[in-house]
Amino acid sequence: MTGKGSKTRLSPSQRLALAAPYGWIVLFLIAPFVLIAKISLSRPATARPPYEPVFDLTDGFARFLEKLSSLSLDAYRGLANDSIYVDSYLSSLVIAAVATFFTLLLAYPFALALARAPQRVRPMLIGFAVAPFWTSFLIRVYAWIALLKDEGLINHALKALGLIDAPLPMFATSGAVVVGIVYSYLPFMLLPLYASIERQDATLREAAADLGATPWRAFWAVTFPLSREGIIAGSLLVFIPAVGEFVIPDLLGGSDTLMIGRTLWNDFFANRDWPAASAAAIVLLALLSAPLLFYERLRLKEEERR
Amino acid sequence: MTEALLSICNVSKRFGAVTALDDVSLDVGAGEFFALLGPSGCGKTTLMRAVAGFETPDAGRISLAGRDLAGEPPYRRPVNMMFQSYALFPHLDVAGNIGFGLKQQGRSRAEIESRVEELLRIMQMSGLGARKIEQLSGGQKQRVALARALAPGPSLLLLDEPLGALDRQLREDTQFQLKDIQRRLNTSFVIVTHDQDEALALADRIAVMRAGRIEQVGAPAKIYRRPRTRFVAGFVGQTNMIDGVIENGSGDWFVAPFGRISVASCNLAAGAKATLSVRPENIEIMRGDSIGGILGVVDDVAFRGESTLLRVRVNASEPLLVSSTKGENLAKDDVVTLHIAPDAGTLFAEDR
Amino acid sequence: MKAGARSLAHWSALALGFLFLYGPIVILVVMSFNASRLVAVWGGFSTKWYYALLSDEQMLNAARTSLVAAALSAAFATMNGLLAALALARFGRFKTRTLFFSAIHAPLVLPEVVLGLSLLLCFVALGIDRGLATLVVAHATFTMCFAAVVILAALRECDMTLEEAAMDLGATPAQAFVKITLPLIAPSIASAYLLAFTLSLDDLVIASFATGPGATTLPMRIYSQVRLGVSPEVNAISTLLLGFVALALALSAFAMRGRSRAA
């Protein structure tokens with residue numbers, strides 16, 4: 001067993017085993033980010049690929065230097081000046097934060113009830129709770145269109161019950177996007193919460209009751225604080241990807257619902273502006289870097305504990 | 001201790017087909033150190049949890065200071081429990097744990113602080129209030145658990161196997177501390193344990209339980225010297241169980257396989273089968289062969305410091321265990337004579 | 001006693017939670033059998049939308065592409081994921097382990113548009129024409145991470161002393177792993193494959209970036225139809241997809257149950 005500070009040396013066969021996944025990750029995951037950075041410093045062009053300069057291995061050193069000097073921060077400047085981008089970033093952060101909050105609000109009682117359910121039915125209940133996650137994301141978001149539209153089921157039911165006269169405009173709003181995010185990402189919040197609550201020692205609640213805490217107070221004094229890790233992990237698992245969501249705002253949001261994922265997509269596919277899209281991606285990553293690092297640290301700390 | 005503090009009357013509890021408590025009744029006085037002693041599965045833990053409020057009896061009444069506790073949830077009972085696993089809150093420090101019950105009572109911050117200080121002093125842990133639970137040793141955790149349960153000032157404290165998790169040396173030290181604290185605070189302690197040494201050493205009175213019933217209640221000395229049932233005789237302390245038959249002649253006799261023993265008069269009929277329980281220290285042993293005693297041969301000698309435990313083969317299927325303070329001169333295969341005085345043992349009828 | 005009321009609260013929370021989760025799905029399935037195009041009007045039970053699907057060439061091709069891509073990419077993902085999990089669980093603290101660990105866990109949270117964009121740019125830089133091959137590679141990349149996490153969890157639960165016993169009896173570490181541990185974690189390898197498969201099958205964003213003409217996936221096809229509004233045909237294909245996944249889940253749950261009973 002090696003000490004905490006020293007690094008293990010790998011045997012040749014271990015190196016071989018690691019080569020495939022490691023190589024794959026470097027080639028298709030890590031290196032591309034360098035590419036994105038590079039393209040974000042390029043200019044759009046009507047060519048294939050639609051940006052310049054394009055580095056070529058056959059270039060001589062002089063040509064290389066020439067291309068290097070033609071890199072610029074134009075794309076970034078364009079982003080900063082474009083109000084759509086600035087608004088998209090802000091709006092994405094806000095919508096993702098609101099959605100994360102509501103996801104937590106909905107998932108917590110559910111996770112609590114799951115953790116307190118009788119032992120024998122628990123695996124089954126969890127299986128059912130997570131099953132929708134395995135079905136198509138797209139389909140589940142699409143189902144909400146049918147529910148939220150003016151002539152959709154919810155409005156229809158409310159009208160039939162006589163609660164409203166005119167349909168409530170729920171579709172094509174930021175609210176619909178929040179609902180969509182909450183619905184789609186619920187399992188991501190549910191599982192860490194459940195795991196964290198389930199892990200708690202059952203006698204702690206008894207001890208709290210014995211010392212005079214009603215169930216309500218015991219929850220806030222003992223159960224909730226101890227589930228902090230699950231709350232943080234779940235919130236990160238929802239917030240970070242939600243900021244860059246594309247499908248949900250595109251299907252459920254209105255034309256004034258700005259989210260960065262959608263804006264980036266449009267710039268890339270509709271406007272063929274690769275440098276702008278790349279710059280947008282880099283800025284998005286920069287914005288998310290704090291929560292991302294926090295998430296990675298959480299994972300590493302969890303690993304340490306084993 | 002005139003009126004009982006805790007009164008348990010005819011309490012029964014079943015879990016499915018298993019009867020955990022069968023018509024159990026007992027009283028605990030104010031300021032008393034009481035022990036519930038018995039093997040696992042005897043119902044002692046169920047009874048304790050019923051008093052704390054975590055189990056509801058199917059029948060019977062539990063009252064504290066005259067007040068019926070039926071229907072009262074645990075957080076409203078003036079009873080506190082020290083859990084076997086301690087159940088310390090990992091997200092609170094030592095002071096936070098000890099003050100938890102006080103906070104629930106709504107006391108002021110100043111009050112809580114001073115009471116926590118006081119308890120830390122009693123537990124000889126002054127200055128450790130800010131420690132994290134995970135940094136504490138086993139003995140320290142136990143003291144924090146005890147302090148936490150005592151802080152709200154309950155009139156009755158339940159302790160679930162309080163010394164079980166400690167190593168032997170720590171256990172003996174803690175025993176004295178526990179008794180000391182109990183006397184000083186004059187709180188009633190009820191400990192639940194399977195360890196008879198613990199019960200004998202700590203308790204003012206012991207209730208020996210088996211299969212959901214109380215076999216005997218009494219002071220340690222009485223339970224040891226005058227066990228009421230076979231089970232109590234065998235469970236508490238070592239004993240020799242000798243099967244035989246009663247013979248009434250001039251005086252009562254107990255006929256064992258190895259000879260006749262004169263016994264104090266009993267109300268068993270002549271010819272009745274019975275068992276005589278005799279503690280090793282109550283059998284006299286002498287070297288050589290003398291009249292009127294039980295002849296035997298030493299099989300094994302175990303020197304124990306202040307006494308010697310000898311295993312003596314007699315004319316019976318089982319050897320007799322004899323404890324002697326002068327037996328160190330004896331060795332294996334020595335011929336000895338044993339003597340059992342009429343009041344040395346306790347007779348039990350066969351079906352007990 | 002209060003406990004009863006609390007139990008009721010718990011069961012209500014569960015009921016409401018499941019209602020929220022499954023409500024939209026159930027409605028979708030019901031609507032796929034609705035003869036009427038309109039959502040709010042029930043026009044009678046009908047399977048005509050399913051028939052319409054069968055004659056929709058583009059939809060069928062897209063379904064075929066998706067299934068092939070899912071099967072292939074999941075295979076790559078599971079293999080890579082297994083090796084990655086092995087390295088993380090058993091190779092100790094090797095150099096650059098932290099980087100590798102973070103890279104493996106990153107796709108779990110990164111926004112899909114970022115992942116898709118990076119993969120596309122990678123293909124362009126390598127000069128590879130986009131098509132089925134790039135689709136498979138892209139899917140294998142982002143699902144590998146999920147597979148690795150699942151298998152890693154199983155490896156950690158594994159009792160090392162079994163492998164040690166095997167080595168004590170003469171097996172090399174590699175043999176011990178293959179003969180003892182691998183069979184024990186087989187269920188999670190299977191569920192890692194299933195997870196990678198369904199993730200690939202469902203994916204829209206990364207596929208849009210990474211695939212090329214002639215290799216349109218089912219979600220891409222559905223998406224282009226959905227942009228035009230609620231379509232009953234989409235309800236039908238959705239129900240079929242849901243049914244397919246539900247069947248796969250049920251089969252795997254059945255297989256796992258049988259296994260754990262035997263264990």
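Order of the sequence lines fixes the chain letters, A, B, ..., with proteins taken first and strands second; residue numbering starts at 1 for each chain.
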Classify the angle between the aromatic ring planes of Phe244(C) and Phe197(C) as parallel (below 30°), tilted (30 to 60°) or perpendicular (above 60°). tilted
Taking atom types as modelled and ignoring hydrogens, do the side chains of Thr263(A) and Ser88(A) form a donor-acceptor contact shorter than 3.5 angstrom? yes
Check: Ala210(C) main-chain N/O paired with Thr134(C) side-chain donor or acceptor under 3.5 Å: yes
Highest number of heavy-atom pairs under 4.5 Å with chain A among Ser208(C), Gly116(C), Ala125(C) belongs to Ser208(C)
Engaged part of Phe268(A) at the chain C interface, taking heavy atoms whose separation is under 4.5 Å: side chain
By a 4.5 Å heavy-atom criterion (distance strictly below it), what part of Tyr22(A) contacts chain C: side chain, backbone, both, or neither? both
Measure Leu10(A) against the heavy atoms of chain C and call it side chain, backbone, both or neither at under 4.5 Å. side chain
Which answer fits Leu241(C), side chain, backbone, both or neither, if we ask what part of it has an atom under 4.5 Å from a heavy atom of chain A? side chain
Aromatic ring centroids of Tyr223(C) and Tyr142(A) under 6.0 Å? no
Turns out that what part of Thr96(C) lies under 4.5 Å from chain A's heavy atoms comes down to both
Taking the six-membered ring for Trp and the full ring for Phe, Tyr or His, determine whether the centres of Phe209(C) and Phe269(A) are under 6.0 Å apart. yes
Taking every heavy-atom pair that is under 4.5 Å apart, which of Arg97(C), Lys95(C), Glu112(C) has the most such pairs with chain A? Arg97(C)
Could you walk me through whether Val114(C) and Leu284(A) pass side-chain contact (heavy atoms from CB on, under 4.5 Å), step by step? CA-CA 8 Å; Val114(C) 174; Leu284(A) 177 60; 3.7 Å; yes
Best-contacting candidate, Leu125(A), Ile30(A), Leu288(A), Leu112(A), against chain C by heavy atom pairs under 4.5 angstrom: Leu125(A)
Ala17(A), part contacting chain C, at a heavy-atom distance under 4.5 Å: both
Region of Leu237(A) in contact with chain C, defined by heavy-atom distances below 4.5 Å: both
Run the ring-centre check on Phe142(C) versus Phe28(A) and record whether the distance is less than 6.0 Å. no
Quick check for you: among Ala19(A), Pro132(A), Ala157(A), which has the greatest number of heavy-atom pairs under 4.5 Å with chain C? Pro132(A)
Do you know which of Ala143(A), Gly244(A), Ala107(A), Pro241(A) has the most heavy-atom pairs with chain C at a distance under 4.5 angstrom? Pro241(A)
Which word best sums up how the rings of Phe101(C) and His105(C) line up, parallel for under 30°, tilted for 30 to 60°, or perpendicular for over 60°? tilted
Roughly how far apart are Ser40(A) OG and Ile282(A) CD1, rounded to 0.5 Å? 5.0 Å
I need the Ile25(A) CD1 to Asn80(C) CG distance, nearest 0.5 Å. 8.0 Å
Heavy-atom cut-off 4.5 Å, strictly under: side chain, backbone, both or neither for Leu249(C) against chain A? side chain
Top of Ala113(A), Ala242(A), Ala20(A) for chain C proximity - count of heavy-atom pairs under 4.5 angstrom: Ala113(A)
Find the one option among Cys122(C), Pro24(C), Ala138(C) whose heavy-atom pairs under 4.5 Å with chain A are most numerous. Pro24(C)
Look at atom CZ of Arg205(A) and say whether more than 12 heavy atoms of other residues, nucleotides or ligands are closer to it than 6.0 Å. no
Checked Leu110(C), Leu195(C), Asp203(C), Leu119(C) vs chain A; the most non-hydrogen pairs under 4.5 Å come from Leu195(C)
Can you establish whether the number of heavy atoms outside Phe76(C) located under 6.0 Å from its atom CZ is more than 12? no
Greatest number of heavy atom pairs closer than 4.5 Å to chain C - which of Phe137(A), Phe33(A), Phe133(A), Tyr295(A): Tyr295(A)
For Leu285(A), is it the side chain, the backbone, both or neither that has a heavy atom under 4.5 Å from a heavy atom of chain C? side chain
Please identify, among Trp274(A), Phe246(A), Trp144(A), Tyr183(A), the residue contributing the most non-hydrogen atom pairs under 4.5 Å to chain C. Tyr183(A)
If you count heavy-atom pairs under 4.5 Å between each of Val113(C), Leu83(C), Leu28(C), Val109(C) and chain A, which one has the most? Val109(C)
Does any heavy atom of chain C fall under 4.5 Å from the side chain of Ser13(A), the backbone, both, or neither of them? neither
For Ile36(A), is it the side chain, the backbone, both or neither that has a heavy atom under 4.5 Å from a heavy atom of chain C? both
Using 0.5 Å steps for rounding, measure from the CG atom of Leu138(A) to the CG atom of Leu218(C). 9.0 Å
Leu292(A) versus chain C, the contacting section by heavy-atom distance below 4.5 Å: side chain
Does Ser118(C) form a side-chain contact (heavy atoms from CB on, under 4.5 Å) with Leu29(A)? I'd like the steps, not just the answer. CA-CA 8 Å; Ser118(C) 73; Leu29(A) 205 57; 5.6 Å; no
What part of Arg299(A) is in contact with chain C, defined as an atom under 4.5 angstrom from a non-hydrogen atom: side chain, backbone, both or neither? both
Please say whether more than 12 non-hydrogen atoms of neighbouring residues, nucleotides or ligands are located less than 6.0 Å from CZ in Phe102(A). no
Looking only at Thr141(C), Val245(C), Leu16(C), the option with the highest number of non-hydrogen pairs under 4.5 Å against chain A is Thr141(C)
